[in-house]
There are 4 protein chains.
Amino acid sequence: MECSIETIAEVGYAQTSLGQIAKRANISKVVISYRFTNKKEIFAQIPIEYYKAWQSFITPQLEAQKRNASGVFLTFIAENRKHVFAVIETISNQRGADGKLLLASEHDETSLLPIENILTLGIKEGLLHEFNRSSARVMALTIRNAIDGFTIELMRQPHLDIKEFTRGLVIIFDASTKSNCH
Amino acid sequence: MECSIETIAEVGYAQTSLGQIAKRANISKVVISYRFTNKKEIFAQIPIEYYKAWQSFITPQLEAQKRNASGVFLTFIAENRKHVFAVIETISNQRGADGKLLLASEHDETSLLPIENILTLGIKEGLLHEFNRSSARVMALTIRNAIDGFTIELMRQPHLDIKEFTRGLVIIFDASTKSNCH
Amino acid sequence: MECSIETIAEVGYAQTSLGQIAKRANISKVVISYRFTNKKEIFAQIPIEYYKAWQSFITPQLEAQKRNASGVFLTFIAENRKHVFAVIETISNQRGADGKLLLASEHDETSLLPIENILTLGIKEGLLHEFNRSSARVMALTIRNAIDGFTIELMRQPHLDIKEFTRGLVIIFDASTKSNCH
Amino acid sequence: MECSIETIAEVGYAQTSLGQIAKRANISKVVISYRFTNKKEIFAQIPIEYYKAWQSFITPQLEAQKRNASGVFLTFIAENRKHVFAVIETISNQRGADGKLLLASEHDETSLLPIENILTLGIKEGLLHEFNRSSARVMALTIRNAIDGFTIELMRQPHLDIKEFTRGLVIIFDASTKSNCH
DNA sequence: AATGAATGAGCATTCATTCAT
DNA sequence: AATGAATGAATGCTCATTCAT
């Protein structure tokens, strides 16, 4: 799995073959077919492992410091950039026989809904200004796209000043969400 | 080219083969090899055509109504969603033999720099609050990611309420950029 | 197709791979995939070509000499032994994903029904003794099995005395079918 | 062995893999490789076990009721249809590296010679009309093919009326062999 | 005695590309 | 200008077998 993630992160989803992964893992190609029933299964495993890691990192962190969700997200990404990037690659490229994206809606549930929930909670507590249901979703999407974009930027520019970047994102979304600004 | 775009839009970059494109175009597969030296060349052409279309649409529009850049961008996308989506797919998947993304930095120049320039101009004119150079780039990236995310969302949900979505994005970035909010 | 037939005849259905056929045909393996959509399609073609050849050989012969159907059948087989054997191999080995024989019932229609029809006609004309419907089928099956067995024997022993063998079969089935014997 | 037989009977020789057998037997695949030196050895065992069962069933039966050999054969088959079918599949598909059928002549010795012997005996005793050596073999082959065909038909149509079918076969071969008919 | 792990060989198939026409 | 034919390379995958435990 680790090598799968690294391979995807390095050469991209489309170029990731069992052979590539095997070469990186220094094992025979068939070992992978032996452990997984499908190539699809390997790719499916990548988001699943990510969700687990995400869950076990995020939940306690968010409870500890309720006010800084963005910081928590971005810290996790910075520390797991390859895995997160592999997930993004997989999510946005894995398609069924009919050409439809297979994992997109599942990914929404795990990465979009939580953001929407945080926004909703913030509104209830009066910390965020009122969104209507539609604009809350747009806000959540925008935040997720910013986070994913952060991941991609991090992969392209490994020496990115993470703190600086994070601060930038926080300022942007604070301004957009804080109630005193409207 | 048209068929390439439609194929990418429908089945994604990774599943787009010369055969797929040829079948859609109702021509022989080799005709494509005949017109283009490479598969890479076809895909490279997609962003190029897009930039041209973008240029000839955007420039006059921006000059006509200086204050509503976001609206101009999103209108263009809504009307060229397949092409824009194909560009995003191509940009984020086309890689060289070394695994590096081939078109990403070129794409930045055409899609990121213009946004940065608009922001810089806004600051000069006092319409936007001061960004430092770093946060201006973060802002530009975030805006572009939001725009690209809009495209993707548009492809996944063809009946998306475009006006509503657009208004949501405008509000978000107005709040983040307008000087009176900090 | 010719090489497919020869390969099946020589190494059997189970050992016949595209590579084997290609080697025999002295062409690249992919040429076959290029001409046929499927491996299944090649195998499907073998009985089809056989039925055509059978039809164009049998029909005129049977009309010319109505009384000697067995002779007509066995002559055809002796002259097309490889093809007939390949058909038998294919018929009795080609199976679907569920494990069911795919071509057996289709083969019955082309090879069993005609025999049943000849028997029925013989009964009508008083040349053959009365079979009930069930025993007519058993008779037809037995004749077909004898004919197929002739093919297999012919492949195993290329120098088989065909005339002698044919005469033997004719005697057996004459005795079983002629009305004066019951 | 039992599972091998069932697997062959169900999916055919060509589709029978060690994995398939192991799955049916609920054991690890390598257990088979552990007990048998070869895949070939397993398949070779199937006819051997069959011959044993055949021997211990047929010999006493034939001695008890000398006149009804066909009935004895067909009864045995009806009661061991899966095994007999597996033998037929194995005999007609198992091939050596040179492509030659490995078990065919061995099978002839056990299944063809006995029939020839019965015919010869019948002739001696004046019960059957005179065959020359060649036609006796043809007769024996035809009977065996009829018997094998009965097995195959039994597998394809599990609700076959066995008695009816048996009676049909007996009539056919009685007419062909009884001396009073020529 | 039994088995999980591993592997080389072979399979059908897809693909971008070359070539001759 | 256009195309059918052909092909090497690579892909995901199955399989019988070996090995270490």
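Please read these numbers as outputs of a predicted model, since none were measured by experiment. Only heavy atoms go into these numbers, but all of them, side chains included; no hydrogens, no water, no symmetry mates. Letters go in sequence order (proteins before strands), and every chain restarts at 1.
- Each of T16(A) and V31(C) has a nearest nucleotide on DNA chain F; the 5'-most of these lies closest to V31(C).
- Below 30°, between 30° and 60°, or above 60°: for H107(B) and Y50(B) the angle between ring planes is between 30° and 60°, a tilted geometry.
- Taking only side-chain atoms of S17(C), from C-beta outward, the nucleotide of dC15(E), dC11(E), dT14(E) with the closest atom is dC11(E).
- Nucleotide dA2(E) holds its P atom 6 Å from the OH atom of Y34(D), rounded to whole Å.
- dA16(F) atom C1' lies 8 Å from atom NZ of K39(D), rounded to whole Å.
- A straight line from CZ of F36(A) to P of dA5(E) spans 12 Å, rounded to a whole angstrom.
- Q157(C) and E153(C) share a donor-acceptor pair across their side chains, judged by distance under 3.5 Å alone.
- Within the nucleic acid shown, S33(B) comes within 4.0 Å of at least one base atom, counting heavy atoms only.
- Between the CG atom of L18(B) and the C1' atom of dT18(E) there is a distance of 13 Å, given to the nearest Å.
- The nearest whole Å value for the distance from the NZ atom in K29(B) to the P atom in dC19(E) is 16 Å.
- Under a 4.0 Å N-O distance rule, the pair K82(D)/E10(D) does not qualify as a salt bridge.
- The distance between atom NZ of K23(D) and atom C1' of dT3(E), rounded to the nearest whole Å, is 18 Å.
- The CD1-C1' distance, from I32(A) to dC13(F), rounds to 12 Å in whole Å.
- Residues I8(A) and V87(A) are not in side-chain contact: their nearest non-hydrogen atoms beyond the backbone lie 4.5 Å or more apart.
- For I21(A) and dA10(F), the CD1 to P distance is 17 Å, given to the nearest whole Å.
- Across all strands shown, dT3(E) forms a Watson-Crick or G-U wobble pair, both distances under 3.5 Å, with dA20(F).
- N38(C) has a side-chain polar atom (N or O) that falls below the 4.0 Å cut-off from OP1 or OP2 of dT13(E).
- When each of T37(A) and Q15(A) is assigned the nucleotide of DNA chain F with its nearest heavy atom, Q15(A) is the one assigned upstream, toward the 5' end.
- Remark: dC13(F) base-pairs with dG10(E). Criterion, Watson-Crick or G-U wobble with two distances under 3.5 Å.
- Taking the nucleotide of DNA chain E with the nearest heavy atom to each of R35(D) and G19(B), the more 5' of the two is matched to R35(D).
- Looking at heavy atoms from C-beta onward, K100(C) lies out of side-chain contact with R95(C) at the 4.5 angstrom threshold.
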